[in-house]
Colleague: 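A single structure is presented below for examination.
Each ligand, and each atom within it, is numbered from 1 in the order the structure gives.
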Amino acid sequence: MAITVKNPIVEMDGDEMTRIMWQMIKEKLILPHLAVDIKYFDLGMKHRDETDDRITVEAAEAIKQYGVGVKCATITPNAARVKEYGLKKQWASPNATIRSLLDGTVFRKPIIVKNVPPAVRSWKRPIIIGRHAYGDIYKNSEIVVGGPGKAEIIFTPAGGGAKQTVLIHEFKGPGVIMGMHNTERSIRSFAKSCIQYAMVEKTDIWFGAKDTISRQYHGLFRDVFADEAMKAKDDFDQAGIQYRFMLIDDAVAQVIKSEGGMLWACMNYDGDVMSDMVASGFGSLGLMTSVLVSPDGKYEYEAAHGTVMRHYYEHLKGKPTSTNSVASIFAWTGAIARRGELDGTPDVVAFAKKLESSVIRTIESGLMTKDLAAIAEPRPGKHALTGEFIDAVAKQFS
Ligand code: NAP
Ligand code: MG
């Protein structure tokens, strides 16, 4: 008997190898067990082009309406893709479009399996990275200075009033300057999304910055974050979780020595760098999940990896592939569990948890795709093909 899901889930289909796995996951692992009203949006490259990318905006609006979405990886077109698909134009990244419409923050969380040990021995629980993906050096202005001269920053208030001018440097010779910004609104949304996520996942929040050196810029991040954490203090106490601010270098040192199990909230550049470090520290991109959380509690789940283009071209040539579907399966289970929590339907949550443990037990029994087989201990004698792995999970589940 199928389990009934009370409210809809927004599904966004995608591209290439992940689109192929997506179909198998739905058919073999989800639809046989759940009676769910799926609001389907095809974000495949061709359909985005046909709709002048309106489909992406519609999908984002649907996530706002229903609260929970699950997304397959999609192509972010570059010049080569425009040619390959004969696109009308180089459409924006769907992830960037959805993120900006939801004003959300992306959290990346590794899936832990016993036979794929992390590079850092002490890590036992996931280290979740939340990256503030707005501003700083990613929206900067730079000048290469050719010779002696004076560099200043000037702020001109919109309503008139005195300009503020600060000297950056008196150049005696060639050099370089950079101007960057952030907004209080964006920092506050970031802090709120982190708090939302930490409450749901029941995990402590660590936030690191360099406020001893950058007393105003990093100082504002520290103060806004502390303010939002203060407002949530009672909820934190109830959930038994803590907020910790530390210097970023201290945070890095503590993370390496820790067992994991925290949400590490990062400023934009720190998040860019540290998410790659943590991802490779935990093993494979195929084990990294990702969720976009808006400050008002809307959730969109996906795998952190892309469409695995190289495998797709092998597949098109008729060759067997061994592509890891685990992060895509966990995107589904993440969305289903969240839906169940929001709807107050524990049987739906239990289904998601059971499917997750079936995936983990399959890998721990020694059956896994090539990417994991290369780093597992002990090494399995052979690896599973894309479809074989999903079939094995289905069998483990039943
Ligand atoms: P990718 O799809 O993440 O794959 C890069 C390589 O990582 C693969 O060739 C494969 O290595 C390995 N890999 C990644 N995921 C894997 C999995 N599930 N199982 C096994 N191996 C896996 O990145 P890409 O090839 O650079 O990008 C392809 C397309 O994805 C691009 O058009 C890009 O725009 C898009 N993209 C989308 C998202 C998203 O929608 N969230 C994110 C990133 C990229 P081997 O070839 O060595 O086996
Ligand atoms: Mg990076």
Colleague: Does a donor on one side chain and an acceptor on the other come within less than 3.5 Å for Asn182 and Tyr134?
Modeller: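 There is no such pair between these side chains.
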Colleague: Is the shortest distance from a heavy atom of Lys370 to ligand 1 less than 4.0 Å?
Modeller: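 It does not; every heavy atom stays at 4.0 Å or beyond.
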Colleague: Out of Gly306, Pro77, Ser93, Ala304, who is nearest to atom 23 (O) of ligand 1 when you count heavy atoms only?
Modeller: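 That would be Gly306.
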Colleague: List ligand 1 atoms under 4.0 Å from His311, heavy atoms only on the residue side.
Modeller: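 Near His311, meaning under 4.0 Å from one of its heavy atoms, ligand 1 has 10 (C), 20 (C), 21 (N), 45 (P), 46 (O), 48 (O).
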Colleague: Using the six-membered ring of Tyr85, assess whether NZ or CZ of Lys46 lies under 6.0 Å from its centre and within 45 degrees of the ring axis.
Modeller: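 Here Lys46 fails the 6.0 Å and 45° test against Tyr85.
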Colleague: Could you tell me, atom by atom, which parts of ligand 1 come under 4.0 Å of a heavy atom of Arg81?
Modeller: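 So the atoms of ligand 1 that pass are 29 (C), 31 (C), 32 (O).
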Colleague: Under 4.0 Å from atom 20 (C) of ligand 1, is there at least one protein heavy atom?
Modeller: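 Within 4.0 Å of atom 20 (C) of ligand 1, protein heavy atoms are found.
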Colleague: Under 4.0 Å between a side-chain nitrogen and a carboxylate oxygen: does that hold for Asp227 and Arg188?
Modeller: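 A salt bridge is present here (some side-chain N lies under 4.0 Å from a carboxylate O).
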Colleague: Given the protein's heavy atoms, is any one of them under 4.0 Å from atom 26 (O) of ligand 1?
Modeller: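 False for atom 26 (O) of ligand 1.
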Colleague: Relative to atom 16 (C) of ligand 1, which among Val308, Asn78, Val106, Leu287 owns the nearest non-hydrogen atom?
Modeller: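 Minimum heavy-atom distance to atom 16 (C) of ligand 1 goes to Val308.
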Colleague: State, with a plain yes or no, whether a side-chain heavy atom of Arg48 is found less than 4.5 Å away from one of Pro94.
Modeller: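 Yes - at least one pair of side-chain heavy atoms lies under 4.5 Å apart.
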Colleague: Using every non-hydrogen atom in the two residues, find where Glu11 and Trp22 come nearest and quote the distance to one decimal.
Modeller: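 The pair with the smallest heavy-atom distance is OE2-NE1, 2.9 Å.
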Colleague: Are Met17 and ligand 1 in contact, using a heavy-atom cut-off of under 4.0 Å?
Modeller: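 Contact absent.
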Colleague: Does any N or O of ligand 1 fall below 3.5 Å from an N or O anywhere on Thr307, backbone included?
Modeller: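 So ligand 1 has an N or O lying under 3.5 Å from an N or O of Thr307.
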Colleague: Phe397 and Phe351: aromatic ring centres closer than 6.0 Å?
Modeller: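 Yes: the rings meet the under 6.0 Å criterion.
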Colleague: Closer than 4.0 Å and a protein heavy atom, does any atom meet both conditions relative to atom 37 (C) of ligand 1?
Modeller: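 Neighbour list for atom 37 (C) of ligand 1 includes protein heavy atoms (cut-off 4.0 Å).
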Colleague: Which atoms form the tightest heavy-atom contact between His305 and Asn324, and what is the distance?
Modeller: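 Smallest heavy-atom distance, with atoms named: NE2-O, 4.1 Å.
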Colleague: For this output row, return yes or no: ring centroids of Phe190 and Phe225 closer than 6.0 angstrom.
Modeller: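 Judged by ring-centre distance (under 6.0 Å), Phe190 and Phe225 do meet the cut-off.
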Colleague: Of the backbone atoms (N, CA, C, O) and the side-chain heavy atoms from C-beta on, which set of Arg310 has a member under 4.0 Å from an atom of ligand 1: side chain, backbone, both, or neither?
Modeller: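 The answer is the side chain.
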Colleague: Report the part of Thr18 (side chain from C-beta onward, or backbone N, CA, C, O) that has a heavy atom under 4.0 Å from ligand 1; answer both or neither where that applies.
Modeller: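 No part of Thr18 comes within reach of ligand 1.
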